[in-house]
Amino acid sequence: MSIRVRFAPSPTGHLHVGNARTALFNWLLARGKGGTYVLRIEDTDTERSTRESESSILEDLRWLGLDWDEGPDAGGAFGPYRQSERSGLYRQVTEQLLAGGRAYRCFCTPDQLEAERQAALAAGQPPKYSGRCRAVSPADAAVRMAGGESAAIRFRVPESRNVTFQDVVRGEVTFSTDVIGDPVIVRSDGRPAYNFAVVIDDVRMEITHVIRGEDHISNTPRQVLIYEAIGAVPPVFAHLSLVLGPDHAPLSKRHGATSVAEFRDRGYLPEALVNYLALLGWSPGENEELMAVAQMAPRFDLSAVSHSAAVFDTAKLAWMNRHYMKEAVPARIAREALPYFRRAGYVVAGGESALEYIESLLPMAVGSVDRIEEIPERVAQIFDWEAERAAALLRSEGDGRRVIEAFAAAVADRGPLDRDSFRLAAARVKEVTGLKGRALFHPIRVALTAADSGPELDLAVPAIDRGAAMAAGIGLKRIASCAQRASDVSRLLRG
RNA sequence: GUCCCCAUCGUCCAGCGGUCAGGACGCGGCCCUUUCAAGGCCGAGACCCGGGUUCGAUUCCCGGUGGGGACGCCA
């Protein structure tokens, strides 16, 4: 039998990295074993679910490269793929369960239930449903319904027995039914509840492996009971440990970025994020780490997945992102970087030529920064030069004035500098001043960049002059040439 | 409170009865270098505790401790 897995997000916000990892592990299993990957939208909570969230989740999954075979957009033989469009299927099973006495109507009000829960908690008791409405006969229920009362439908959990299921990552897991309250399977307004809808859908969609977060492990016995009640065979379960923040608390906003969209906005590459996520709780073995997920899939094995929670380490993700930025085709990085250059004000129009210019700057930045977002900052010296700042910095350099005057003279009336003409100019300054090494180059750097550190001058100087020559034509912020910078600074130092 | 899950360097993974306990990130040092990064090399750094089982436990079993999850008409 061929494997069918599903990723079933609830469209109530952005795709969280923890969920992205769940989506990835499902994908790895499906792709590695030639199975089918189903995307199902769990939107039974109509108050919180939105179509915007649904499409942003789909977009995030696509960006990560986790493609699916069946889903709300892709179609498939087991649709519809939104729970909100499957009401008929649930109703049918509900009737069956009601008729068989496996489910009953519950007339308790939310206030009542909440009060009971608080009382139980206060008394140190497990806050599970008391089962009060189990005693309401179907006949009485019918009368009350006819009288206009509304009721939810609960599943009747058998008393005092164990429920055992196999979990591929954890082994055998057993719960006593005595700790499980009767779950609501249909709300009083007729919408199905989670524990019911998942089971029905996983059965109807012929899902063979349910891979989800560990937070669902205690729902599993309830679901197994429902599988039994409808005469279906439960799938293979795999509960993935959670992703935590550095303080061991669940990854949340205060730890920084938590959604896939945020990582994308901050300039991470999808192949880096997805590679990093795959390593959170799993390893392809052989001490290998940098690997495309497509290469990982054939080696993926659920039974090798880690049992313990993993701390999300942004520093390691950054290292990985640096690696993939170096591997990426420069034109792609340039395109991804363009929005950040616009935001910084360095690019004002931004067509093809601006993109080419940005690409030409990449050797100064890629390898030196963690994220695409940081590229403009790394090359800021090209765009944000100020004569006053440069002069102020240079005043503390003993030979600063001598060097820069010689440099200004060497480059005056020479046109834009390229690498060779810059070296020639530097050689000329060396000759005139008798200085070399740091004493020679540092003042030049400070004068031309208004900073005492930054990219190699061999790269920066030509970049500045190329930019200065073309700026207006290709939609860049105005850039002062190196000759201009040198002469402005020497004038300030003289004055 | 009850139930469930988990436990190797700071972090992520290897290990699956006998290993100098391995790799990666991070950290420290050195090298490279006209600066900062990057890169190369070297280094420090872990089997939660207590009982068993065994000739021998990081590895198997039990208990403790610690961490996490669940206990909704949310998923």
Side-chain angles (χ1 to χ4, degrees), chain A residues 8-12 42-45 47-49 83 106 108-110 113-114 117 120-129 150-154 167 169-171 173-176 178-181 183-195 197-198 212-221 239 241-242 244 246 248-250 276 279-290 304 306-320 322 326 364-370 378 426 436-446 449 451-458:
Chain A
S10 179
T12 54
E42 308 221 318
D43 57 352
T44 56
D45 183 349
E47 284 94 54
R48 296 196 302 153
S49 298
Q83 290 186 327
C106 173
C108 298
T109 65
L113 295 170
E114 186 51 31
R117 222 183 333 269
L121 241 19
Q125 297 295 310
K128 66 164 202 177
Y129 176 59
S150 66
I153 297 173
R154 285 184 189 269
D167 186 302
V169 349
R170 286 156 213 287
V173 181
T174 301
F175 283 82
S176 162
D178 290 340
V179 302
I180 305 171
V184 167
I185 57 174
V186 180
R187 301 157 158 113
S188 51
D189 64 3
R191 283 142 54 205
Y194 168 73
N195 280 112
V198 251
R212 72 223 315 193
E214 195 189 16
D215 48 335
H216 286 293
I217 202 162
S218 53
N219 281 320
T220 309
H239 289 97
S241 56
L242 271 19
L244 307 178
H248 270 89
Y276 177 71
L279 263 25
L280 226 44
W282 181 70
S283 158
E286 318 276 294
N287 282 333
E288 288 182 71
E289 294 201 308
L290 295 167
S306 167
H307 297 185
S308 51
V311 171
F312 193 93
D313 182 6
T314 311
K316 183 150 185 176
L317 205 214
W319 164 77
M320 213 166 252
R322 227 151 51 214
K326 285 184 259 189
M364 285 186 272
V366 169
S368 299
V369 299
D370 292 340
R378 173 74 182 164
K436 59 179 180 175
R438 189 186 159 88
L440 170 66
F441 284 97
H442 199 255
I444 296 178
R445 163 177 297 285
V446 170
T449 68
D452 45 25
S453 71
E456 285 174 55
L457 287 177
D458 272 356

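None of the values given here were measured: they were computed from a predicted structure. Values below: all heavy atoms of this structure, side chains included; hydrogens, waters and symmetry mates excluded.
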With a 4.0 Å cutoff (strictly under), does any side-chain N or O of [X] reach OP1 or OP2 of [N]?
X: A/R187; N: B/A75; result: yes
X: A/R154; N: B/C73; result: yes
X: A/R117; N: B/A70; result: no

Counter-base of [N], judged by Watson-Crick or G-U geometry with both distances under 3.5 Å:
N: B/A70; value: B/U2
N: B/A14; value: none
N: B/U33; value: none
N: B/C9; value: none
N: B/C60; value: B/G52
N: B/C20; value: none

Categorize [X] for me: base, sugar-phosphate, or nothing, with a 4.0 angstrom heavy-atom threshold over every strand shown.
X: A/R322; result: sugar-phosphate
X: A/E114; result: nothing
X: A/D458; result: base
X: A/H216; result: base
X: A/P455; result: base
X: A/R445; result: base
X: A/K436; result: nothing
X: A/A152; result: base
X: A/G454; result: base
X: A/T44; result: sugar-phosphate

Using the [atom1] atoms only, state how far [M] lies from [N], rounded to an integer number of Å.
N: B/C48; M: B/C6; atom1: P; value: 15 Å
N: B/G63; M: B/A75; atom1: C1'; value: 36 Å
N: B/A46; M: B/G10; atom1: P; value: 7 Å
N: B/A37; M: B/U33; atom1: C1'; value: 12 Å
N: B/C41; M: B/A7; atom1: C1'; value: 35 Å
N: B/A14; M: B/U59; atom1: C1'; value: 13 Å
N: B/G45; M: B/C9; atom1: P; value: 14 Å
N: B/G66; M: B/C30; atom1: C1'; value: 40 Å

Can you tell me whether the side chain of A/S368 and the base of B/A37 have a donor-acceptor pair closer than 3.5 Å?
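By the distance-only test, yes, there is a pair.
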
A/N219 (side chain) and B/A75 (base): donor-acceptor pair under 3.5 Å:
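Looking at the base of B/A75, it does pair with a donor or acceptor on the side chain of A/N219 (distance under 3.5 Å).
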
Less than 5.5 Å between centroids and less than 30° between ring planes, does A/W319 satisfy that with B/C25?
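Not stacked by the 5.5 Å and 30° rule.
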
Which one, B/C74, B/A75, B/C71, comes nearest to the side chain of A/E42?
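Of the options given, the side chain of A/E42 lies nearest B/A75.
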
Closest to side chain of A/A315, choosing from B/A75, B/C25, B/C36
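Ranking B/A75, B/C25, B/C36 by closest atom to the A/A315 side chain puts B/C25 first.
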
For the pair made of [atom1] in [X] and [atom2] in [N], what is the distance, rounded to whole Å?
X: A/M320; N: B/G23; atom1: CE; atom2: P; result: 17 Å
X: A/Y194; N: B/G72; atom1: OH; atom2: P; result: 15 Å
X: A/L440; N: B/U33; atom1: CG; atom2: C1'; result: 15 Å
X: A/L457; N: B/U34; atom1: CG; atom2: C1'; result: 7 Å
X: A/L121; N: B/G72; atom1: CG; atom2: C1'; result: 12 Å
X: A/R212; N: B/C74; atom1: CZ; atom2: P; result: 18 Å
X: A/R378; N: B/A38; atom1: CZ; atom2: P; result: 9 Å
X: A/R191; N: B/G72; atom1: CZ; atom2: P; result: 18 Å

Find out whether A/H248 and A/V311 are in side-chain contact, i.e. whether some heavy atom of one side chain is under 4.5 Å from a heavy atom of the other.
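Touching, per the 4.5 Å side-chain cut-off.
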
How about A/H239 and A/T220: do any of their side-chain heavy atoms sit closer than 4.5 Å?
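A/H239 reaches A/T220 side chain to side chain.
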
Sugar-phosphate or base contact per nucleotide [nucleotides 2-15 of chain B; S, B, -; heavy atom under 4.0 Å]:
-SSBSS---SBSS-

Is the closest basic N to carboxylate O distance between A/R187 and A/D189 below 4.0 Å?
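Judged by the 4.0 Å cut-off on N to carboxylate O distance, A/R187 and A/D189 do not form a salt bridge.
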
Looking at every heavy atom in both [X] and [Y], which two are closest together, and how far apart are they?
X: A/E289; Y: A/M320; value: O-CE, 4.3 Å
X: A/D45; Y: A/R191; value: CA-NH2, 4.0 Å
X: A/Y276; Y: A/D313; value: OH-N, 2.7 Å
X: A/S306; Y: A/S241; value: O-OG, 3.9 Å
X: A/E42; Y: A/S49; value: O-OG, 4.4 Å

By nearest nucleotide on RNA chain B, pick out whichever of A/G437 and A/E288 is the more 5' one.
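Upstream on the strand: A/E288.
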
Mapping A/F441 and A/S188 to their closest nucleotides on RNA chain B, which lands nearer the 5' end?
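The 5'-side residue here is A/F441.
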
